[in-house]
Amino acid sequence: MNNLKKIEYSLKKRKRQESRFKIYGLLGIATAVTFLCIILSSIVMEGKKAFLSTYIKLEVYFDPDIIYTNNDQKEEDIKFANFQKIIKNSLNSFFPEISDKDELRKLSNFISSSEEENLMKLVLKNKQLVGQKITLWLLASSKIDVINKNPDMELIAEEDRLISDLELNWLNEIRSANNIKSNFNKNFFVKADSTEPEQAGIWGSLVGSFFTLFITLILSFPIAVAAGVFLEELAPKNKFTDFIEVNINNLAAVPSIIFGLLGLAIFLNVMHLPRSAPIVGGMVLALMTLPTIIIATRASLKAVPPSIREAAIGLGATKFQTVTHHVLPLSLPGILTGTIIGMSQALGESAPLLMIGMVAFIVDVPGSFLDSSTVLPVQIYLWKSTAARGFVELTAAGVMVLLSFLILMNGIAVFIRQKFEKKW
Amino acid sequence: MTEKIKIKSKNVNVYYGQKKALDKINLEIPTNKVTALIGPSGCGKSTFLRCINRMNDTIDICRIEGKIIVDEEDIYSTEVDPVLLRAKIGMVFQKPNPFPKSIFDNVAYGPKIHGIVNSDDELEELVIYSLKKAGLFGEVKDRLNDTGTSLSGGQQQRLCIARAIAISPQIILMDEPCSALDPIATAIIEELIDELAKNFTIVIVTHSMQQAARVSQQTAFFHMGSLIEVGHTDQIFSTPSQKKTQDYITGKIG
């Protein structure tokens, strides 16, 4: 065999190697994409149901005998009136044949308990309503909502089903009278957590996340950029700075729950800051985000070509001017990208926040950095660990909200990188 | 030589860590003349050039011994502020390195940080003057707001020269200013160097012996960290006194 033959022979082998390698790569990507699709589609299929809630049409009679227990017709009376009874009566008038007390109680559970307060507010606003009969769409309770949204659940055997055969019959009667509809679930976007799935919302934890991330950003960004610039540009290179550098890199790999323990030990037990508060959560997440931003800062400072530094120094700029006039502005896109990625990491973080009590059940939307609150991922965790069936959909919807924020933030990071990246 | 001496180096040794890069360099550079430093790669000519404006200070492992005297003052004495020194000694680098800012801002940067000008009008005047001096104004006068990096390589290098002369240094150091340029751009820069030598003391490092012969009045030949020979350019290229110089300019080493 001459050389050319040998080369030809080995070339075939090399080409086969290359195409095999390509196939492995494609397989890997295909697997990843498949699983991603499965996860995303199952979340979206489940979560989209949470964006609708079920309403039932009822003739509501604002019975003066129930509302005004005393004859002086005061506002106080309206506030303490038994609206549960009014709802029960309205349901009863739709199902006049029901008289059993137990059955009536079951029937009144069709409507969300939150509607009692809503009716009360309605009457307070317009006292003329007392004594009138009007048609209203009332929010259904979670179990009716779940059955209505998942028709296949009706096929489950009675003992395993959320509602009994009797209740299902009532529901079908309401359906055949066309007195049921699905509408946009506003509660989900304006309320905080609740024990009742139909009244629970993501807004409280979204605001909590916002407050927490705000604290994280204003603490970690300036500190990390200052530290990165100092270490990269100004600090002498010696054993001590090497030691610091190694430790910053190690810190980036420390499990996040350790930062939570640190926060518990220092911020809560020593500094006595409020438990469950965004300010503490933000501080803990800032500690966690610091190494990420420092590393990103240093990497993007390093990426600025030395020729720019030389140009500035050669013109008689001081070290500080060189950094602030040229190096830092040029590396800012990289620093911002790193910061956003660090922030989206912080947004998705739950473990350290469990340590400082941000896992509490909070029904109010937090109003300040010191209020008790929870954050998106913890809210998802809380809902997931709750037994009521209605929370399954809320969990998926919560994941969708969290994912959309993460995608948005990473999208901004990509945009900044594309737009402001300088080519040399 | 009877010319006025601008820069005088006395027994300059430079070390990078343990490695000795320059060995006992004694060299005198005359005022308002072009001095070319030639020699094969790694001979220390760029290192020597960067000692003159203390650019090597920015390299941590670099250590310098000996004296470099500019205008009767040792620039390595503790009273000398390297920042001030670099304002007096401009530098043009091997690869054109304009700031990624507008052409105007590139030239205006030096005067701005040093507070040389008092008004915007004065600044504009100075920028235009510097661009004219660097022979670039005609080509860029309509697009002073374009970024410096949008220019061609040769134009970028002239922009860097304009940027250097905007702070009116007395000395301009050029570290292989044409090595990244095509022959036409090189010819333009060489002409410019001739022109600039009327007002500035120029030290140029070059790989090209033809370039050294064309632009310089004095040539210094470096080899393996030592200064082998220095003299009038004509003499170095016609009748070198050292064998190594002879070998280098005839292409036997290098």
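Below, chain A is the first sequence line, B the second, and so on; all start at residue 1.
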| said: If you define the side chain from C-beta out and look only at heavy atoms, does anything of D60(B) sit under 4.5 Å from P236(A)? | reply: no

| note | CD1 of I313(A) to CZ of R54(B), rounded to nearest 0.5 Å, is 12.5 Å

| query | Would the number of heavy atoms belonging to other residues, nucleotides or ligands and lying under 6.0 Å from OH of Y129(B) be above 12? | reply | no

| query | When you look at CG of N250(A), are more than 12 heavy atoms from neighbouring residues, nucleotides or ligands closer to it than 6.0 Å? | reply | yes

| request: Identify the heavy atoms of Q321(A) and Y109(B) that sit nearest to each other, and give their distance. | output: O-OH, 3.9 Å

| field | F415(A) atom CZ, over 12 foreign heavy atoms within 6.0 Å | value | no

| message | With a 4.5 angstrom heavy-atom cut-off, is it the side chain or the backbone of F93(B) that approaches chain A, or both, or neither? | response | side chain

| message | Counting heavy-atom pairs closer than 4.5 Å to chain B, which one of R309(A), K237(A), H325(A) comes out on top? | response | H325(A)

| task | Could you tell me whether E310(A) and R50(B) make a salt bridge, using a distance below 4.0 angstrom between a side-chain N and a carboxylate O? | result | yes

| note | Between R163(B) and A311(A), the two heavy atoms sitting closest are NH2-CB, 3.4 Å

| query | For atom CD of E122(B), is the number of surrounding heavy atoms from other residues, nucleotides or ligands below 6.0 Å larger than 12? | reply | yes

| For F320(A), does the CZ atom sit with more than 12 other heavy atoms under 6.0 Å from it, leaving out its own atoms? | no

| request: Could you pull out the closest heavy-atom pair between I308(A) and P100(B), with the gap in Å? | output: CD1-CD, 3.8 Å

| task | Please indicate whether F137(B) has more than 12 foreign heavy atoms, meaning atoms of other residues, nucleotides or ligands, lying under 6.0 Å from its CZ. | result | yes

| task | Return yes when atom CD of E65(B) has more than 12 non-hydrogen atoms of other residues, nucleotides or ligands closer than 6.0 Å, and no otherwise. | result | yes

| message | Quick check on I167(B) against chain A: is it the side chain, the backbone, both or neither that has a heavy atom closer than 4.5 Å? | response | side chain

| task | Go through the atoms of L84(B) and report whether side chain, backbone, both or neither lie under 4.5 Å from a heavy atom of chain A. | result | neither

| More than 12 heavy atoms of other residues, nucleotides or ligands under 6.0 Å from CZ of F210(A): is that the case? | no

| said: Please classify the contact of K88(B) with chain A as side chain, backbone, both or neither, using a heavy-atom distance under 4.5 Å. | reply: neither

| request: Any chance you could measure L315(A), atom CG, to H114(B), atom NE2, to the nearest 0.5 Å? | output: 6.5 Å

